[in-house]
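Here is the structure we will look at.
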Amino acid sequence: MMFRYDHDMGGWDYAWMSLGMLIFWVLLFAALALLIRFTLTGATPQFTQSSPTAEDLLAQRFARGEVDKDEYLATLATLRGRKV
């Protein structure tokens, strides 16, 4: 008794298999490269922060003593759209 399995792969099957293997190896290589990079440099991934807002800059100037309390509160109220 002969068993016949009719599961031959066609052209598209080979194409999808090749694409899947390519994606697998690219992802594996990228993960390995990132792991080596962060392990050797001791760096942690840092996300860029957007530029500081006007309120942040005003708070920094107040903390450095460039503006006094009254000027800080008046400018902050102006930035927030309130009347002093």
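Along the sequence shown, residues carry numbers from 1.
Here the straight-line distance linking atom CG of D68 with atom CZ of R61 works out to 10.5 Å at 0.5 Å rounding. In this structure, the separation between OH on Y72 and CD on E66 is 13.5 Å, given to the nearest 0.5 Å. A distance of 10.0 Å separates CG of L28 from CE of M21, quoted to the nearest 0.5 Å.
L79 places a side-chain heavy atom less than 4.5 Å from the side chain of L58. Residues I23 and L19 meet the side-chain proximity criterion, which asks for heavy atoms closer than 4.5 Å.
By the criterion of side-chain heavy atoms lying less than 4.5 angstrom apart, applied directly or through intervening Ile, Leu, Val, Met, Phe, Trp or Tyr residues, W16 is not grouped with W25; the two fall into different hydrophobic clusters. Clustering ILVMFWY residues whenever any of their side-chain heavy atoms sit less than 4.5 angstrom apart, transitively, puts L35 in a cluster other than the one holding V26.
Scanning both residues, V67 and F62, for their nearest heavy atoms gives O-CD1, 3.5 Å.
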